[in-house]
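Please read the structure below before turning to the comments.
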There are 2 protein chains.
Amino acid sequence: MSKQSLPVVDLQAVACCAPLAVRPMDAEQAMVVAPMFKALGDPVRLRLMSMIASVPEMCVCDLTPAFDLSGPTISHHLKVLREAGLVDSERRGTWVWYRVKPEAFRQLGALLDLPATTAPADA
Amino acid sequence: MSKQSLPVVDLQAVACCAPLAVRPMDAEQAMVVAPMFKALGDPVRLRLMSMIASVPEMCVCDLTPAFDLSGPTISHHLKVLREAGLVDSERRGTWVWYRVKPEAFRQLGALLDLPATTAPADA
DNA sequence: TCTCTAGCTTGACAGACGTCAAAACAGGCT
DNA sequence: AGCCTGTTTTGACGTCTGTCAAGCTAGAGA
């Protein structure tokens, strides 16, 4: 809510800034970020993530039938994505809607930036 | 529908192109990419990766002492990164050197691009 | 109220994962 | 050759993970 009175540790800041390829990550930062990558490290969750990410929001009722898996299993995977901070969910009446958390997404993307050093840009 | 001339599917191409947030990933693509994210989904491997990525190349002999883990364990994690296609290794004399594969890195980064749709333009 | 549907939680189980000790392998050195 | 150091492989161990069936909870509607 209020951004001015930033409480506790700003995990976002800890985890976000330097691309992986720029500076070695310390253990603490790694423990914050690894779970996000881990959450994407399953084919089912990766597809769930991409289905959710490619629209403003997505109903579980549309997610589940896209897989050959039981409801509970999909629910479990969604929970993993939620607890990794990659998506948010909201119940509206009968259905539950999922949407990505763009900050988290951006964070991971930034980590994977390849800052020209390794690129063959100009010889 | 037999694909008579289909030339061995370019995995790189399959896995690379559309950002996660643009188009849902099909199951096949997810099975190719997920192992890369999974490889980064462990704090030790994430740190190894960042140590390797932040220099042109890195000797195992410099990697191992940075952790409170046995040599075999580090070797195991390096193998996981190698098999995920994220790094390459080369033995030169006594030591083994690791270096990142920038294509793979770039690939993952591209997948995580957030193409302006979900971004708040400029506030 | 009672019932139906959507989704989540629990409990259980097989398989995968992270770790280490011990053994094997590779190269340099004497 | 023999030995020493650096790295990987093997084998074993306990823990974590993905999955489903069964049970539970939330909301809509009769």
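These numbers come from a predicted model, not from an experiment. Just so we're on the same page: letters track the sequence lines, and every chain starts at 1.
Rounded to whole Å, the distance from NE2 on A/H77 to P on C/dG7 is 16 Å. Per the geometry, CD belonging to A/E83 stands 15 Å off P belonging to D/dC16, to the nearest Å. Rounded to whole Å, the distance from CE on A/M31 to P on C/dG18 is 16 Å. In this structure, B/E90 atom CD and C/dA26 atom P are separated by 17 Å, rounded to whole Å. With rounding to whole Å, A/F67 atom CZ is found 14 Å from D/dG18 atom P. Here C/dG18 presents its P atom at 18 Å from CG of B/D68, a figure rounded to the nearest Å. Rounded to an integer number of Å, the gap from CG of B/L69 to C1' of C/dT19 is 8 Å.
Here disulfide bond (SG atoms under 2.5 Å apart) pairs that include residues 26-80 of chain B, with residues two or more places apart or in two chains, are B/C59-B/C61. Among residues at least two apart or in separate chains, there is no salt bridge (Lys or Arg N to Asp or Glu O under 4.0 Å) pair with a member in residues 32-52 of chain A.
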Treating primed atoms plus P, OP1 and OP2 as sugar-phosphate and everything else as base, which nucleotides of nucleotides 1-13 of chain D get B, S or - for protein heavy atoms under 4.0 Å? -----BSBB----

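Side-chain contact check for B/M51 versus A/M25: every heavy-atom pair is 4.5 Å or farther apart. Side-chain contact check for A/E90 versus A/V96: every heavy-atom pair is 4.5 Å or farther apart.
The shortest distance between the side-chain N/O atoms of B/K38 and the OP1/OP2 oxygens of C/dA16 is not below 4.0 Å.
Counting non-hydrogen atoms under 4.0 angstrom, A/R92 reaches nothing in the nucleic acid.
In this structure, B/S54 and A/V22 approach most closely via the heavy-atom pair CB-O, 3.5 Å.
B/Y98 contributes atom OH, which lies 12.5 Å from atom CG of B/L86 (distance to the nearest 0.5 angstrom).
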